[in-house]
Amino acid sequence: MSQLVADYLLERLRDWDVHRIYGYPGEGINALLGALDRADGDPELIKARHEEMAAFMACGHAKFTGEVGVCMATSGPGAIHLLNGLYDAKLDHQPVVAIVGQQARPALGGDYQQEVDLVTLFKDVAHEYVHMAVHPAQIRHLVDRAVRIARSERTVTCLIVPNDLAGSPVVEQPPHEHGTVHSSIGYSPPKIVPAELELRHAAAVLNEGERVAILVGQGAQGAADEIVEVANILGAGVAKALLGRAVVPDDLPFVTGSIGLLGTRPSYELMNGCDTLLMVGSSFPYSEFLPEEGKARGVQIDIDARMIGIRYPMEANLVGDAKETLRALIPRLEWKDDQSWRERISSSVAEWWKVMERRAYDDADPINPQRVFWELSNRLPDGCILTSDSGSAANWFARDLKLRGGMLASLSGNLATMGPGVPYAIAAKFAHPDRPVIALVGDGAMQMNGLAELITIAKYWERWSDPRLVVLVLNNCDLNQVTWEQRVMEGDPMYPGSQEIPDVPYARFAEMIGLCGIRVDDPAEIDGAWDEALTADRPVVLEAIVDPDVPPLPPHITFEQAKHFGAAALAGDPRRGEMIRQSLKQMADALLPNR
Ligand SMILES: Cc1ncc(C[n+]2csc(CCOP(=O)(O)OP(=O)(O)O)c2C)c(N)n1
Ligand SMILES: [Mg+2]
């Protein structure tokens, strides 16, 4: 029997199957911390170095388990720190509950220390459900609703608990009288399938198509078999949005890989050449990488009707679970006799992988980052989980890794924030301590937050049954992704004042705190370094000194982009010579098949 509101709140979370809370202490949650201590590890507090990281970890937990992720922070500054991680979860449609402290009720409204209007602060990020408890009898239904709404709406919810209330005597069951609420736990996702008429309509559109393209996103997770079956029946190619990176394996000949600026040429050709688009569980935003309006007929499957028909004009709108809806569609689809479209796609995919290999082995100063990813690709352990930060790593994560079935992968898809690479990886290790995890992170992101979260890894790693967690750091002393954006999108030269960042000894730092550190600055050492990192007896920071002048080439270079590139060079880009030399080499790899 719980004594205090704080104990009961944790008990209720436990009843909801929440066994881990990522957080950071502070006065506003002192009563909750006492209760966490008494809870004896269930739920347990995993302490990040910063509340934003705790929110990223909760998001990572949700992404890699499908469960709700929970984070906790104190009032005022702690609550404010959570926000970016919560927005990451919100924009990527992940169920995350934030539990936030508040100053004592008698002080509220008194310009008290650390008093921030938290309901208003969280009103946007957690608009589906944000409430501050003012009475102990609310706790049961506030927890129940925060968790259930987060799960059913796949979004962020927030529960604000003044510290004095958390330390008050519990009221588990409100009295049976007017003005009370009587809630219960439990949520199981419904089986949602579209209406018969819409399924028939969709099947007709797909059957009439001669060149079908499929685009899958994270909503198609768990539906790989159905997607492959539909692709086989329709003779289609399958492209993947970044969040759907691991939905279907890359070793199938008709999987064209990532789509978009960070995507592949076969995906670009698939979208340009198709006459019918089937989009499953994706809100991929960039219309220039989808078929031109009117050139293709569209069918979309999404569990959320709000996300239907907003990226490409669709003829058939299937609101439903990806797997169930595809299953309902399959018996209505007709095998295509003409395999020429399929063959075109497959040969373009085969050629593309050769281009990727050639690009990876172009020499650079000192290391070509693609080679680091290519050699990782060849030795990805079964069942591994990959995380990528925002930065040039996301390009190579999108293009150079051949993911196989059974792997998981994610990054900040919609917010595209820097910072989640390391905290996602930590959450992946807690959720799946028996699986190897690899984080792919830029030096800018390491300096922003990753270095501090190595301390979290050092604190906890010995609990993981398989200790393998490799943080690859791309040390290029540059905020490289933005450097290239400035050149190619704006036509501006690289601006050292904003782009250069200090050289920091990442591997040595790892060693200083008890982890393994490996530094490579010679391409010949990369494969040995990966072998060492992937068999180490503890987490590893693999620091690769990489060339910032290797361009993250888009799958298709527009005239505007080429013009901007030229303008940047003419405007006196400080690395003009190398940038041009590397770009020409990389482009030539795609033009000269037998170079
Ligand atoms: C929080 C945040 N700040 C800024 C950006 C803009 N941004 C995107 S990628 C990037 C550069 C990342 O640099 P680094 O981590 O060193 O990776 P690199 O591109 O050099 O490999 C920046 C500044 C962002 N996405 N998120
Ligand atoms: Mg960098």
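Every number for a ligand or one of its atoms is a count from 1 in the order of the listing.
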Please determine if Ser392 has a nitrogen or oxygen closer than 3.5 Å to a nitrogen or oxygen of ligand 1.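 Yes, at least one N or O pair falls under 3.5 Å.
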
Pairs of nitrogen or oxygen atoms closer than 3.5 Å, one from Ile501 and one from ligand 1: do any exist?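 No, there is no polar N/O contact under 3.5 Å.
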
For Trp374, does the six-membered ring have the charged nitrogen or CZ of Arg371 within the cation-pi criterion, i.e. under 6.0 angstrom from the centroid and within 45° of the normal?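 Relative to the ring axis of Trp374, which defines the angle, Arg371 lies outside at least one limit.
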
Could Arg20 and Phe430 be counted as a cation-pi pair, given that NZ or CZ must be under 6.0 Å from the ring centre and within 45° of the axis?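 No - Arg20 does not lie over the ring of Phe430 by the 6.0 Å and 45° rule.
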
Is ligand 1 under 4.0 Å from a heavy atom in the side chain of Asp478, in the backbone, in both, or in neither?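 It is the backbone that touches ligand 1; the side chain stays farther off.
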
Is Asp389 in contact with ligand 1, taking contact as a heavy-atom separation below 4.0 Å?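 Asp389: no contact with ligand 1 (<4.0 Å).
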
What is the nearest protein non-hydrogen atom to atom 5 (C) of ligand 1, stated with its residue, atom name and distance?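 The closest heavy atom on the protein side is Met418 SD, 3.8 Å.
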
Tell me the protein heavy atom at minimum distance from atom 17 (O) of ligand 1, and give that distance in Å.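 Protein heavy atom at minimum distance: Gly442 CA, 3.6 Å.
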
Would you tell me which option among Ala445, Ala416, Ser390 has the nearest heavy-atom contact to atom 25 (N) of ligand 1?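 Looking at heavy atoms only, the winner is Ala416.
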
Less than 4.0 angstrom from a charged side-chain N to a carboxylate O is my criterion; do Asp363 and Lys585 meet it?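 Here Asp363 pairs with Lys585 in a salt bridge, since their nearest N and O are under 4.0 Å apart.
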
Met418 side chain near Val482 side chain, heavy-atom distance below 4.5 Å: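 Side chain of Met418 against side chain of Val482, heavy atoms only: no contact under 4.5 Å found.
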
Looking only at N, O or S atoms in Asp443, which is nearest to the Mg ion (ligand 2)?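 When I compare the N, O and S atoms of Asp443, OD1 is nearest to the Mg ion (ligand 2).
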
Among Asp365, Asp547, Asp478, which residue satisfies the salt bridge (Lys or Arg N to Asp or Glu O under 4.0 Å) criterion with Arg575?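 Exactly one pass, corresponding to Asp478.
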
Let me know which of Arg154, Gln218, Lys63 forms a side-chain hydrogen bond (donor to acceptor under 3.5 Å, both in side chains) with Asp92.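 Answer after filtering Arg154, Gln218, Lys63: Lys63.
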
